[in-house]
**Q** 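Have a look at this one before I ask anything.
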Number of protein chains: 2
Amino acid sequence: MNLRIKDVAEAAGVSVTTVSRVLSNNGPVRDTVRQRVLSAIEQLGYRPNAAARRLRSGDTATIGLIVSDVRNPFFTEVSRAVEDAAYQQGLRVILCNTDENPEKEAMYLRLMEEERVTGVIYSPTHDAAQRFKAQHYDFPVVMIDRPGPAGSADAVVLDNRDASARLVEHLVEQGYRRIAGLFGNASTTGRERHEGLMDALRRHGLPAQAEFVDPNPDSAFVHVGVWLAGERETRPDAIVASNGLLLLGAYRAMHAWRARSATSTDDVALAGFDNDAWTDLVSPGVTVIAQPVYEIGKNAMQLLTQRLADPSMSTRTLVLPGELVIRGSTERRVLPVGD
Amino acid sequence: MNLRIKDVAEAAGVSVTTVSRVLSNNGPVRDTVRQRVLSAIEQLGYRPNAAARRLRSGDTATIGLIVSDVRNPFFTEVSRAVEDAAYQQGLRVILCNTDENPEKEAMYLRLMEEERVTGVIYSPTHDAAQRFKAQHYDFPVVMIDRPGPAGSADAVVLDNRDASARLVEHLVEQGYRRIAGLFGNASTTGRERHEGLMDALRRHGLPAQAEFVDPNPDSAFVHVGVWLAGERETRPDAIVASNGLLLLGAYRAMHAWRARSATSTDDVALAGFDNDAWTDLVSPGVTVIAQPVYEIGKNAMQLLTQRLADPSMSTRTLVLPGELVIRGSTERRVLPVGD
DNA sequence: ATGAAAGCGCTAACAT
DNA sequence: ATGTTAGCGCTTTCAT
């Protein structure tokens, strides 16, 4: 089988034009003729060549999805949402992992241009986001998780400052006073969550301790390990991690530390972003800001679709709220005498 | 910008052929000319049209990856491995989620034909696997996790029977005698793991209790809940779940049950497949068969590459061993008097 | 309602 | 080493 539309036309006794019309369901075809064509296609096992259609029609029906790593549960879920929506509309999805690597980002953006994609959903590193020029591209881009410079592209993001603030409010309410934050150093998101935390601490007149690190569990493990190794008086009494990967590393570090040393009064609270499955399974559960992950992906596809329908529309940023999920890891602190 | 190769040719003062040669790095071009072309491309911001190249060259440089759901950590990791390998070879990956739905499987297979993909990596449902006819397709297929009928396609699978047996050996050694297994009803893998478990139990002269269920946490939650609600004398003393999703549901059910009722002597062991992150984070940790997940994806790409290089080669099935990771969930049982 | 023919942008023969 | 040209398989005017 390497059949062309011509073969189908001959088998059905019609012109290629007619076959094309039934394939794309567009243009008038008599019902009896349509049936004849359809059964010829069936009979022969003909499959239209996607590359040829795209070349001729100029419509690739392809969406590019550029994320740092599908293994991050946040992006796993976003991917699924994007794919669900895309395939429902007959769009194909090309999935790209950049590992927060600017070179990979550049190469994938270039790939998107070569593919003449219909649109791109993109989670850029902070640097790439700053440098991003929408007008350089022939396709619309929707940023997720991390917006570009104001007005440069549609975006779906979390209300990061607010979410961080709520985490702080909760911790303060529970009696924690030496709150330390761990933030991803590659994303705009990390910065915003940092600012939200700092502002909230300032409002309470509390000291702040913050560190920007590579956004992976291992670096969180190391940094939290250092914090915990400090003297009891200076050690943080609560640790906040700005995404699921960092939270995981932080949890591991605390777990290891507890196994070695701590008594319950020495305990340190833990909270962070992303309601990943494990946070609800461990005991005590970890308090988190749950992001509406699937919604983020779904909304990104909607913004993209609307932008495609009306390219002149001014750019929009959709800000979604996080949900504070309170679990045992931030239980009320028994304040030591003197605090 | 909608530039064609002709524009580059004119700008560089050469023929389109020459431009094509430098684009695909194939055919002789004088170095000074190559530089001239390259800078013209750079200058103009030209991007070759992927669809046109594919149509003309007949080489799509595209791999299809068909899995049930990327949100399953097993497939998340496999995807990542496939993409790493693919992009290293300049191949694009189209990712498809079938949700174990035969209709979606059929539609994606059809899509793969239309895309004229170079090859497919495919994790079929049991039924689709049985029905699969490699000769119907123009591209090679490598099955992962679940092989088709013997010899129908290359495959990378786990040594499921052996892994199940090792799980049983371990449980028996630890003093468990009423072992119940929960298996996915959609995959060949579920059947093999079931057989491995049954054989091993038979060798020990132990009774067997097994259930085939929809491969998602919720159905596991329900079924395990029913088991646990039974009388202490008949209730399983160990539960085995045949994949990460079922294991998760089983864990939740046991957790809920413990919170309500149990004392430590009533405890039930838990073990299963897939070393997903949470199994090591909960306390006690869950004993699992760790699959070499990344390796599975990587090897699948290698089989595919080799098959592409030599289509006449007879089909191969690569069987990888699982690794038994022992954790607290299967600690030695304190045998009740009379057992 | 149907068909003939041009051409999407590129690569691969085949010249030179 | 470089250029000319045909044509990959389809959709889309434009006729009829």
Side-chain angles (χ1 to χ4, degrees), chain A residues 1-38 40-41 44-62 90 92 110-111 113-118 138, chain B residues 1-38 40-41 44-62 90 92 110-111 113-118 138:
Chain A
M1 103 118 191
N2 237 341
L3 297 163
R4 294 147 318 135
I5 198 172
K6 188 157 164 267
D7 301 312
V8 177
E10 284 167 5
V14 296
S15 74
V16 294
T17 311
T18 301
V19 178
S20 173
R21 285 201 256 259
V22 344
L23 281 175
S24 43
N25 241 329
N26 137 10
V29 182
R30 235 175 37 219
D31 228 41
T32 61
V33 177
R34 157 167 284 114
Q35 288 315 320
R36 207 142 35 92
V37 171
L38 251 19
I41 290 175
L44 299 172
Y46 165 77
R47 296 289 179 269
N49 181 316
R53 301 182 89 163
R54 289 205 259 262
L55 173 57
R56 177 60 237 232
S57 72
D59 181 9
T60 60
T62 301
R92 247 121 279 162
R110 187 181 190 114
L111 179 70
E113 298 187 272
E114 298 190 356
E115 293 286 344
R116 305 291 193 268
V117 293
T118 307
D138 287 329
Chain B
M1 102 120 193
N2 238 341
L3 299 162
R4 295 147 317 139
I5 199 171
K6 189 157 162 265
D7 301 311
V8 177
E10 284 167 6
V14 296
S15 73
V16 294
T17 310
T18 301
V19 178
S20 173
R21 285 202 255 260
V22 343
L23 281 175
S24 44
N25 242 329
N26 137 9
V29 182
R30 234 175 39 219
D31 229 40
T32 60
V33 177
R34 158 168 282 115
Q35 287 314 320
R36 208 143 33 94
V37 170
L38 252 17
I41 289 174
L44 300 172
Y46 165 78
R47 297 287 179 270
N49 182 314
R53 301 181 88 164
R54 288 204 262 263
L55 173 58
R56 177 61 236 228
S57 72
D59 180 9
T60 60
T62 301
R92 187 181 60 131
R110 186 180 191 113
L111 179 70
E113 297 186 273
E114 298 190 356
E115 294 286 343
R116 304 290 193 268
V117 293
T118 308
D138 287 329

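Scope of the values below: all heavy atoms of this structure, side chains included, with no hydrogens, waters or symmetry mates.
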**Q** To the nearest 0.5 Å, how far apart are CG in B:Leu55 and OG1 in B:Thr60?
**A**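 Those atoms lie 11.5 Å apart.
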**Q** Is there a side-chain contact between A:Val33 and A:Val22 in this structure, where contact means two heavy atoms from C-beta onward sitting under 4.5 Å apart?
**A**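 Sidechains of A:Val22 and A:Val33: no contact.
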**Q** What is the first contacted nucleotide of DNA chain C and what is the last, in 5' to 3' order, if contact means an atom lying under 4.0 angstrom from a heavy atom of chain B?
**A**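 Nucleotide range in contact with chain B: C:dG9 to C:dA13.
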**Q** Assign a letter to each nucleotide of nucleotides 8-16 of chain D from its 5' end: B, base within under 4.0 Å of a protein heavy atom; S, sugar-phosphate only; -, no contact.
**A** BBBBB----
**Q** What's the shortest heavy-atom distance between B:Ser24 and B:Ser20, and which atoms?
**A**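 B:Ser24 and B:Ser20 have their closest heavy atoms at OG-O, 2.8 Å.
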**Q** So which of residues 27-36 of chain B are in contact with DNA chain D, with a heavy-atom cut-off of under 4.0 Å?
**A**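 Listed by number, they are B:Pro28, B:Val29, B:Arg30, B:Val33.
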**Q** Can you give the donor-acceptor pairs under 3.5 Å from side chains of residues 3-15 of chain B to other protein atoms, not counting sequence neighbours?
**A**
{"unit_1": "B:Asp7", "atom_1": "OD2", "unit_2": "B:Arg4", "atom_2": "N", "d": "2.8"}
{"unit_1": "B:Ser15", "atom_1": "OG", "unit_2": "B:Thr17", "atom_2": "N", "d": "3.4"}
{"unit_1": "B:Ser15", "atom_1": "OG", "unit_2": "B:Thr18", "atom_2": "N", "d": "3.4"}
{"unit_1": "B:Ser15", "atom_1": "OG", "unit_2": "B:Thr18", "atom_2": "OG1", "d": "3.3"}

**Q** For the backbone of A:Val117 and the side chain of A:Thr62, can you confirm whether one donor and one acceptor N or O come within less than 3.5 Å of each other?
**A**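 Side chain of A:Thr62 to backbone of A:Val117: no pair is present.
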**Q** Working to the nearest 0.5 Å, report the span between CG of A:Asn49 and CZ of B:Arg54.
**A**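 The CZ atom of B:Arg54 is 10.0 Å from CG of A:Asn49, to the nearest 0.5 Å.
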**Q** Measure across A:Arg116 and B:Arg47 and return the closest heavy-atom pair with its distance rounded to 0.1 Å.
**A**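 Scanning both residues completely, I find the closest heavy atoms to be NH2-O, 2.7 Å.
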**Q** Quick one: list whatever passes salt bridge (Lys or Arg N to Asp or Glu O under 4.0 Å) with B:Arg53, sequence neighbours left out.
**A**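 Counting only residues at least two positions away or on another chain, B:Arg53 forms no salt bridge (Lys or Arg N to Asp or Glu O under 4.0 Å).
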**Q** Do B:Arg92 and B:Glu115 sit within salt-bridge range, that is, some charged N less than 4.0 Å from a carboxylate O?
**A**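 So B:Arg92 pairs with B:Glu115 through a salt bridge.
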**Q** Can you list the residues that meet the side-chain contact (heavy atoms from CB on, under 4.5 Å) rule with A:Asp31, with sequence neighbours excluded?
**A**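 side-chain contact (heavy atoms from CB on, under 4.5 Å) check on A:Asp31 returns A:Arg34.
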